[in-house]
Amino acid sequence: MSCIYSTLLFVIDQSKQLRMEVPVLTFDQPLWHKATEIANAMSLSIVLILGGFHLMMSYVGSLGFVIKGSGLQEALETIYGSNTVEHMFTGKAIARALCGHFLTESALQTKLLRSLLPAHLMPCINESNDAEDVPKEKIGPNEKYVHQDRQHENQRPMLDGKRYSFQLENEQVEELSTFVKSVEKEPAKLLILPEILACSGT
Amino acid sequence: MNELCNSSRTAKLSIQYLRYVEILKLFIRAERTRNWNLHLEAVNRMISIFAATEHILYAKSARLYLQNMLELPTKYPWVYANFSEHGYYTVRRSDRYWAGLWTDLIIEQVLMRSLKSRGGLTRGRGVTESVRILWTNSMYRCASVHNAMSNLTGMQHKSSEQHVELGSSRVKRDHKDLVTTSKT
């Protein structure tokens with residue numbers, strides 16, 4: 001306790017010497033809590049920031065806790081080793097955890113997209129040698145959407161054991177389809193999919 | 001989306017997971033692009049998830065932190081101006097847009113490493129006031145000397161314009177991993 005207090009006093013003193021108005025300190029969570037108590041009790045003029053990186057690590061740990069037991073562990077074990085996956089879920093191996101979570105998110109969003117778009121508009125985003133691939137066809141006038149929808153209804157990918165069909169407006173379909181075509185060339189664009197979906201009102 | 005959520009529990013979990021990952025991305029983006037308001041918004045959304053997943057200490061601290069930071073405009077306007085307009089709550093080690101870093105990460109990796117390794121403050125040089133002042137004031141000069149020496153000996157780190165994750169081999173490997181995960 002006194003160590004933290006003397007640190008705070010020291011920093012305030014140094015900032016006065018350097019003619020800075022208010023010093024700003026970053027702490028990790030346990031120290032931050034104590035430091036805030038001390039600063040409030042002694043009315044010290046200092047701003048204390050909670051370390052963002054450790055906050056993120058703890059959040060990734062929370063994410064892992066939420067998703068534990070849902071089978072994501074097995075899915076990620078196809079890429080990473082089982083020990084690594086465990087560390088990823090507790091938030092320790094942060095770089096790999098981030099990679100892993102973003103990867104799963106992209107995979108989930110791709111699945112979501114495949115069920116949202118009319119089947120004939122789905123390009124082969126990720127399965128190049130998949131026998132189930134729907135043949136690509138040109139976008140024709142509006143009647144063709146409906147007709148081809150019915151044709152390819154049975155080839156729609158199953159989401160969670162059921163086949164879904166959502167009716168999107170034509171403008172939304174076009175917007176999504178241009179986006180999907182651009183993703184073919186730049187897979188990194190999948191990262192901004194939530195914004196696109198939010199804009200198109202889905 | 002709401003229809004999907006209500007359809008089955010697995011779908012609900014997946015959609016929830018997507019929303020949680022989005023919060024994570026918001027937080028990272030806030031730090032990288034020095035957006036103070038986005039940072040506060042992301043912390044705000046994280047609090048309920050901390051509380052739900054037994055990270056009680058972080059839930060408590062994050063809430064208190066948020067409360068304190070929301071008082072900044074009235075209590076310490078100079079600090080608030082610096083944070084929100086200039087983004088001085090992050091550390092930038094290079095000139096690129098997407099390069100804001102967390103202060104605690106920098107402290108751990110840069111300062112502690114240089115302080116505690118050979119020739120640093122804790123081993124050999126001592127931590128008296130004069131040594132400390134000398135150390136802090138000369139650190140940036142030492143950096144340019146270090147740079148020049150690496151150039152001379154040819155051991156310079158080359159960093160390209162592009163982010164390391166956007167290189168084509170990384171993208172290909174990520175793509176391959178994505179395929180494998182989707183099939184599961």
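From a predicted model like this one, the values you see are computed outputs, not experimental measurements. Per chain, numbering begins at 1; letters A, B, ... match sequence-line order.
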Do A:H101 and B:Y17 come close enough that some side-chain heavy atom pair is under 4.5 Å?
yes

B:H39, B:K60, B:M69, B:M46: which one forms the most heavy-atom pairs within less than 4.5 Å of chain A?
B:M46

How close do A:G61 and B:H55 get, counting heavy atoms only, and between which atoms?
C-CE1, 4.1 Å

Sequence neighbours left out, what passes ring-ring contact (aromatic ring centres under 6.0 Å, His included) with B:Y58? Give chain and number order.
B:F50

What part of B:F83 is in contact with chain A, defined as an atom under 4.5 angstrom from a non-hydrogen atom: side chain, backbone, both or neither?
side chain

Pair count under 4.5 Å, heavy atoms only, with chain B: among A:T26, A:V47, A:L50, A:T36, highest is A:L50

Heavy-atom cut-off 4.5 Å, strictly under: side chain, backbone, both or neither for B:L72 against chain A?
side chain

Is it the side chain or the backbone of A:H33 that comes within 4.5 Å of chain B heavy atoms, both, or neither?
side chain

Measuring heavy-atom distances to chain B, does A:I46 have an atom under 4.5 Å in its side chain, in its backbone, in both, or in neither?
backbone

For A:V22, is it the side chain, the backbone, both, or neither that has a heavy atom closer than 4.5 Å to a heavy atom of chain B?
both

Straight-line distance of A:K68 NZ to B:T53 OG1, nearest 0.5 Å
10.5 Å

To the nearest 0.5 Å, what is the distance between OG (B:S61) and CG (A:L31)?
11.0 Å

Residue pairs, two or more places apart or on separate chains, that pass salt bridge (charged side-chain N to carboxylate O under 4.0 Å, His left out) and touch residues 40-58 of chain B:
B:E41-B:R45

Measure up the B:Y65 and A:W32 rings against each other and bin them: parallel (under 30°), tilted (30 to 60°), perpendicular (over 60°).
perpendicular

Partner chain A: residue of B:L24, B:I49, B:V79 with the largest heavy-atom pair count (under 4.5 Å):
B:L24

With a 4.5 angstrom heavy-atom cut-off, is it the side chain or the backbone of A:Y59 that approaches chain B, or both, or neither?
both

Tell me which of these, B:W78, B:Y20, B:F27, has more heavy-atom pairs under 4.5 Å with chain A than the rest.
B:W78

Residue A:L55 versus chain B: region with a heavy atom under 4.5 Å
both

Segment of A:L98 engaging chain B (4.5 angstrom heavy-atom cut-off)
side chain

Name the region of B:Y76, side chain, backbone, both or neither, that has any atom closer than 4.5 Å to a heavy atom of chain A.
side chain

